[in-house]
Amino acid sequence: MALQLYSTLTRRKDAFQPIDPARVRLYVCGPTVYDQAHIGNARPLIVFDVLFRLLRHLYGAEHVTYARNITDVDDKINARAAARGISIRELTEETNAIFQEDATALGCLPPTIQPRATEHIAAMIEIIEKLLAGGHAYVADGHVLFSVPSMPNYGKLSRRSLDEMIAGARVDVAPYKKGDLDFVLWKPSSEAEPGWDSPWGRGRPGWHIECSAMSSAYLGEVFDIHGGGIDLVFPHHENEIAQSCCAFGHDVMANVWMHNGFLQVEGEKMSKSLGNFVTIRELLADWPGEVLRFNMLKTHYRQPIDWTLASLRESQRELDRWYPVAKQFADSEAMLAPEFIAALEDDLNTPDAITAMRRLYKDATEEVAFAGARFASCGRLLGFFEKELNAWEHWKPASFRVDEILVATKINARLEARKARDWPASDRIRDELAEMGIALKDNKDGTTSWEVKR
């Protein structure tokens, strides 16, 4: 099967045909670095990392370019830096460092390029000048705005009505705007705000123009795939298309637009007011990154996902079973199982790919030829089995503490139970210790030692 991808632009799944198979190009909207990324932000990180890995497998690693931007100029950044009493640069460097560490812990490969918005201001100004020259933008009260009516097919990505777009854009009421949907390309900066010289005075870019400038700088005016969360379809991606198409004179910006579905926590929308807002960093303190990754990939990327503690526990248990088998074949190279790669080629159907791995795991434990090597190879493509087996089996949450006095007390109680031949009590205490993560080592003389295990 050839790679099939669903595009939000066409609302259908089609065979993927890169513009140039020797240079397959993927752009994904990255973080605005003002705060730690939450678990919802982890979904596009993981989903498009799998796509990046698959494209590298199909076309060769040297033939795939993956750009994921860093937005380091934004009003939220300004407000957060002011609230913390630190410089904007200090805030963005700190937040970006945490983001990069989180992405690595989730098993994500580094993108080919991670452009920063502040390093591409000149390119943004150049695009804005093209839009002004073409009659697609206007200057008003120190701002430069995109004129939405100048693009007849505006809204082709989201397919919303005019009223829906106005509501969804959370339109700013401003006397200098000619149309309700017109959006800012450039705005003036005060002395306290970051700013750059431009033909329209000292100012800073709007949010949408940043991605148009960075994607075109590294991938060209038209490229293969643009990805992001479903929440970015409107207005962000719609406005990217408008800017890029009008500035460069093309009908499309990217041939395929891919969007992952929403994430909720324990059946509810994640929000700080509900107390279920959780960052990637917080989860990584309690779970190995591969567990979070596995848990995410059990649901198809376009479907909503309900992030639950029960599902995390099951993901942990399954990886615990898989790891020893995979590590037996850590140095083995094998062809990927046809059913596994077929699942991924079917619009990144990771649930079916995982089902294929479950069959391979069963075959491997029954010593079916090649199953173990294929199982390990498939897992590595999905970003699993990166730890040494000993490190995996002994990983513990940051909050884990061993109460050695309690452990010693229980071991002594178990020894007394064994002397009294009270086997039910002995087994019960052993189980209690196992729940605490303590594994006992027994011989004919009794318990000789213990160790911390998962």
**Q** When you measure from the centre of the six-membered ring of F52, is the NZ or CZ of R56 closer than 6.0 Å and no more than 45° off the axis?
**A** yes
**Q** Please give me the minimum heavy-atom distance between E210 and A117, naming the atom from each residue.
**A** OE1-CB, 3.6 Å
**Q** Is the shortest heavy-atom distance from the side chain of F16 to the side chain of E345 under 4.5 Å?
**A** no
**Q** State plainly whether the residues D363 and R374 are in salt-bridge range, i.e. N to O under 4.0 Å.
**A** no
**Q** Of all residues at least two apart in sequence or in a different chain, which pass the ring pair (Phe, Tyr, Trp, His ring centres under 6.0 Å) check with F146?
**A** F183
**Q** Does the pair R25 and D20 meet the rule for a salt bridge (charged side-chain N to carboxylate O under 4.0 Å, His left out), with working shown?
**A** CA-CA 9 Å; R25 290 161 286 170; D20 178 2; over 6 Å; no
**Q** Answer yes if the side chains of H237 and H259 hold a donor-acceptor pair under 3.5 Å, and no otherwise.
**A** yes
**Q** Minimum heavy-atom separation for D352 and A343, please, with both atom names.
**A** CB-CB, 3.7 Å
**Q** Is the shortest distance from a Lys or Arg side-chain nitrogen in R84 or E90 to a carboxylate oxygen in the other one below 4.0 Å?
**A** no
**Q** Between Q264 (side chain) and W307 (backbone), is there a donor-acceptor pair under 3.5 Å?
**A** no
**Q** Does any non-hydrogen side-chain atom of I225 lie less than 4.5 Å from one of N255?
**A** no
**Q** Please determine whether a side-chain nitrogen of the Lys or Arg among D35 and K76 lies less than 4.0 Å from a carboxylate oxygen of the Asp or Glu.
**A** no
**Q** How close do F340 and A353 get, heavy atom to heavy atom, and via which atoms?
**A** CD1-O, 3.5 Å
**Q** Would you say the side chains of S212 and Q243 form a donor-acceptor pair under 3.5 Å?
**A** yes
**Q** For a side chain to side chain donor-acceptor pair (under 3.5 Å) with Q100, tell me which candidate from N96, T104, D102 qualifies.
**A** N96
**Q** Okay, side chain of H38, backbone of G40: is any donor-acceptor separation there less than 3.5 Å?
**A** yes
**Q** Do S189 and R204 pair up side chain to side chain, a donor and an acceptor below 3.5 Å, judged on atom types alone?
**A** yes
**Q** Report the distance from atom CG of L157 to atom CH2 of W257, rounding to the nearest 0.5 Å.
**A** 6.0 Å
**Q** Taking NZ, NE, NH1 and NH2 as the nitrogens, is one of them in E314 or R317 under 4.0 Å from a carboxylate oxygen of the other?
**A** yes
**Q** Classify the side-chain pair W186/S198 by whether it contains a donor and acceptor separated by less than 3.5 Å.
**A** yes
**Q** For R116 and E93, run salt bridge (charged side-chain N to carboxylate O under 4.0 Å, His left out): C-alpha distance rounded to whole Å, both residues' side-chain angles, the deciding distance at 0.1 Å, then the answer.
**A** CA-CA 11 Å; R116 299 177 72 114; E93 289 295 331; 3.4 Å; yes
**Q** Would you say M253 and H226 make side-chain contact, with heavy atoms under 4.5 Å?
**A** yes
**Q** Quick check: closest heavy atoms across H120 and A217, and the distance to 0.1 Å?
**A** CD2-CB, 4.4 Å
**Q** To the nearest 0.5 Å, what is the distance between OG1 (T95) and CD1 (I77)?
**A** 8.0 Å
**Q** So how far is it from N153 CG to I241 CD1, rounded to the nearest 0.5 Å?
**A** 9.0 Å
**Q** Taking the side chain as C-beta and beyond, is there a heavy-atom pair between C29 and H236 under 4.5 Å?
**A** yes
**Q** Do F223 and Y27 have side-chain heavy atoms sitting under 4.5 Å apart?
**A** yes
**Q** Report the C-alpha separation of M258 and S7 in whole Å, then their side-chain angles, then the decisive distance to 0.1 Å, and conclude whether the side-chain contact (heavy atoms from CB on, under 4.5 Å) test is met.
**A** CA-CA 5 Å; M258 298 177 65; S7 178; over 6 Å; no
**Q** Before giving the answer on side-chain contact (heavy atoms from CB on, under 4.5 Å), spell out for L54 and I341 the whole-Å C-alpha distance, their side-chain angles and the decisive distance to 0.1 Å.
**A** CA-CA 9 Å; L54 178 62; I341 200 67; 3.7 Å; yes
**Q** Are the side chain of R202 and the backbone N or O of S190 linked by a donor-acceptor pair below 3.5 Å?
**A** yes
**Q** Could you walk me through whether R23 and Y59 pass the side-chain contact (heavy atoms from CB on, under 4.5 Å) check?
**A** CA-CA 9 Å; R23 186 171 175 247; Y59 295 96; over 6 Å; no
**Q** Could you tell me if the side chain of W287 sits less than 4.5 Å from the side chain of P397, heavy atoms only?
**A** no
**Q** Please check this pair: side chain of D72 against backbone of T118, looking for a donor-acceptor N/O pair closer than 3.5 Å.
**A** yes
**Q** So does K177 get a backbone contact from the side chain of D182, meaning a donor-acceptor N/O pair under 3.5 Å?
**A** no
**Q** Please give me the minimum heavy-atom distance between E268 and N276, naming the atom from each residue.
**A** O-ND2, 3.8 Å
**Q** With the side chain counted from C-beta on, respond yes when H57 and L336 share a heavy-atom pair under 4.5 Å apart, and no when they do not.
**A** yes
**Q** Indicate every side-chain donor-acceptor pair of residues 296-304 with a distance under 3.5 Å to a residue at least two apart or in another chain.
**A**
from: K298; atom 1: NZ; to: S311; atom 2: O; distance (Å): 3.4
from: K298; atom 1: NZ; to: S311; atom 2: OG; distance (Å): 3.3
from: K298; atom 1: NZ; to: S315; atom 2: OG; distance (Å): 2.9
from: H300; atom 1: ND1; to: R302; atom 2: N; distance (Å): 3.2
from: H300; atom 1: NE2; to: D347; atom 2: O; distance (Å): 2.9
from: Y301; atom 1: OH; to: D347; atom 2: OD1; distance (Å): 2.6
from: Y301; atom 1: OH; to: D347; atom 2: OD2; distance (Å): 3.3
from: R302; atom 1: NE; to: D347; atom 2: OD2; distance (Å): 2.9
from: R302; atom 1: NH2; to: D347; atom 2: OD2; distance (Å): 3.3

**Q** Could you list the residues that satisfy side-chain hydrogen bond (donor to acceptor under 3.5 Å, both in side chains) with Y34, not counting sequence neighbours?
**A** none
**Q** How long is the span from the OH atom in Y361 to the CZ atom in F375, to the nearest 0.5 Å?
**A** 7.5 Å
**Q** Between D75 and K187, is there a salt bridge with N-O shorter than 4.0 Å?
**A** yes
**Q** List for me each residue that meets salt bridge (Lys or Arg N to Asp or Glu O under 4.0 Å) alongside D14, sequence neighbours excluded, and say none if there are none.
**A** R12
**Q** Below 4.0 angstrom, N of the basic side chain to O of the carboxylate: do D346 and K13 qualify?
**A** yes
**Q** For the pair D306 (side chain) and E266 (backbone), establish whether a donor and an acceptor sit closer than 3.5 Å, ignoring hydrogens and angles.
**A** yes
**Q** Going by an N to O cut-off under 4.0 Å, is there a salt bridge joining E318 and R358?
**A** yes
**Q** Closest heavy-atom contact between L348 and V50?
**A** CD2-CG1, 4.1 Å
**Q** Show me the side-chain donor-acceptor pairs of residues 380-388 shorter than 3.5 Å, one per line, residues at least two apart or across chains.
**A**
from: R380; atom 1: NH1; to: A330; atom 2: O; distance (Å): 3.4
from: R380; atom 1: NH2; to: S332; atom 2: O; distance (Å): 2.9
from: R380; atom 1: NH2; to: S377; atom 2: OG; distance (Å): 3.4

**Q** For the CZ atom of F48 and the CZ atom of R43, what is their distance to the nearest 0.5 Å?
**A** 10.0 Å
**Q** Please check if the side chain of N349 supplies one atom and the backbone of L344 the other of a donor-acceptor pair under 3.5 Å.
**A** no
**Q** Is there a donor-acceptor contact under 3.5 Å from the side chain of E238 to the main chain of G155?
**A** yes
**Q** Would you mind reporting whether Y323 and K327 have side-chain heavy atoms less than 4.5 Å apart?
**A** yes
**Q** Would R68 and Q114 count as having a side-chain donor-acceptor pair, cut-off 3.5 Å?
**A** yes
**Q** Rounded to the nearest 0.5 Å, how far apart are CG of D197 and CD1 of I121?
**A** 11.5 Å
**Q** Sequence neighbours excluded, which residues qualify as side-chain hydrogen bond (donor to acceptor under 3.5 Å, both in side chains) partners of E339?
**A** none
